[in-house]
Amino acid sequence: MAQTSTAITACDAGIWLDSAAGTLTDIGGSSNTLTINLDKETLGALRTYGSRWPTRYECGKDCSIDFRVVYSTSATEAFQLLKNWYNEADPGARSVKIYLPKYNVGNDYYSAEFRLQNLVIPTEAGSASPVMVSGKLLITGELTISTATT
């Protein structure tokens, strides 16, 4: 098979997160790692006498997102949106939209409601590097995977 000529990079990925007011905000400029975990939640197996190999059945799906963002002070950047989300009395779910390889018509588009599971804020004395905050989002509802039309 010939080497692929259709591989993508994520250099210009479009990453959008709802603010508390429900306004989708581009957080790509203050994010540098995003891992979309697509899981099969339940895989059951059946093995009967006379069969050396199992038959597998599937049921549920799950999705989570692991991320790393820059600890910044701007209210419209990723960390402040996430920190404020965590700190709300009733934080609820928020929309996340991801475009790969970038925000263009025809590219892959992932969209769902998520809840914030955690934020991890590491600090190191003597480091001149920006603080990189990591965390996890857990889906609530269905993930839409489609082609961007707008």
Side-chain angles (χ1 to χ4, degrees), residues 1-72 75-122 131-150:
M1 176 178 188
Q3 182 174 350
T4 184
S5 61
T6 61
I8 69 164
T9 67
C11 293
D12 297 318
I15 304 165
W16 299 73
L17 173 66
D18 263 347
S19 68
T23 304
L24 277 172
T25 304
D26 182 355
I27 62 167
S30 56
S31 308
N32 78 349
T33 302
L34 185 78
T35 303
I36 304 168
N37 305 296
L38 303 175
D39 298 308
K40 293 289 190 171
E41 190 172 69
T42 307
L43 287 176
L46 170 66
R47 187 184 310 262
T48 58
Y49 297 110
S51 172
R52 300 210 179 265
W53 298 96
T55 301
R56 301 228 181 256
Y57 298 89
E58 54 190 70
C59 186
K61 295 180 182 179
D62 201 357
C63 177
S64 63
I65 296 175
D66 298 308
F67 60 84
R68 263 184 17 159
V69 301
V70 178
Y71 192 125
S72 61
T76 59
E77 291 187 1
F79 176 68
Q80 292 300 322
L81 290 170
L82 291 161
K83 180 183 77 171
N84 291 340
W85 187 10
Y86 171 81
N87 207 33
E88 289 178 17
D90 185 18
R94 293 202 183 169
S95 295
V96 175
K97 300 184 185 306
I98 301 163
Y99 298 84
L100 292 173
K102 58 185 167 181
Y103 181 51
N104 271 354
V105 171
N107 288 339
D108 286 346
Y109 170 61
Y110 299 78
S111 176
E113 295 289 309
F114 287 85
R115 292 187 183 268
L116 177 63
Q117 182 180 34
N118 67 349
L119 292 172
V120 179
I121 306 170
V131 172
M132 298 303 297
V133 177
S134 61
K136 186 178 212 86
L137 302 175
L138 300 175
I139 197 166
T140 181
E142 184 176 345
L143 174 70
T144 300
I145 304 173
S146 60
T147 301
T149 58
T150 59

So, for [X] and [Y], which heavy atoms are closest and what is the spacing to 0.1 Å?
X: F79; Y: V70; answer: CB-O, 3.4 Å
X: S51; Y: R47; answer: O-CG, 3.7 Å
X: I27; Y: S31; answer: O-OG, 2.7 Å
X: M132; Y: N32; answer: CE-OD1, 3.4 Å
X: F67; Y: L82; answer: CE1-CD1, 3.5 Å
X: V131; Y: P122; answer: CG1-O, 3.2 Å

Quick one: are [X] and [Y] in side-chain contact, heavy atoms under 4.5 Å?
X: K40; Y: K61; result: yes
X: I145; Y: L38; result: yes
X: D66; Y: S134; result: no

Would you give the length of the straight line joining atom [atom1] of [X] to atom [atom2] of [Y], rounded to the nearest 0.5 angstrom?
X: I15; Y: D26; atom1: CD1; atom2: CG; result: 8.0 Å
X: I36; Y: Y110; atom1: CD1; atom2: OH; result: 5.5 Å
X: N84; Y: L116; atom1: CG; atom2: CG; result: 11.0 Å
X: I139; Y: N37; atom1: CD1; atom2: CG; result: 11.5 Å
X: I65; Y: L17; atom1: CD1; atom2: CG; result: 9.5 Å
X: D62; Y: E41; atom1: CG; atom2: CD; result: 5.0 Å

Could you check whether any side-chain N or O of [X] sits under 3.5 Å from a backbone N or O of [Y], counting only pairs where one atom can act as donor and the other as acceptor?
X: T25; Y: T23; result: yes
X: R68; Y: L34; result: no
X: Q80; Y: S72; result: yes

Which pairs would a plain distance check flag for residues 91-104, meaning a side-chain donor or acceptor within less than 3.5 Å of a matching protein atom at least two apart in sequence or in another chain?
unit_1 : atom_1 : unit_2 : atom_2 : d
R94    : NH1    : D18    : O      : 3.2
R94    : NH2    : E88    : OE2    : 2.5
S95    : OG     : D18    : OD2    : 3.2
S95    : OG     : E113   : OE2    : 2.4
K97    : NZ     : Y109   : OH     : 3.4
K97    : NZ     : S111   : OG     : 3.0

Note to self: Other residues, nucleotides and ligands only: do more than 12 of their heavy atoms fall within 6.0 Å of CD on E58?
What the structure shows: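 12 or below, so no.
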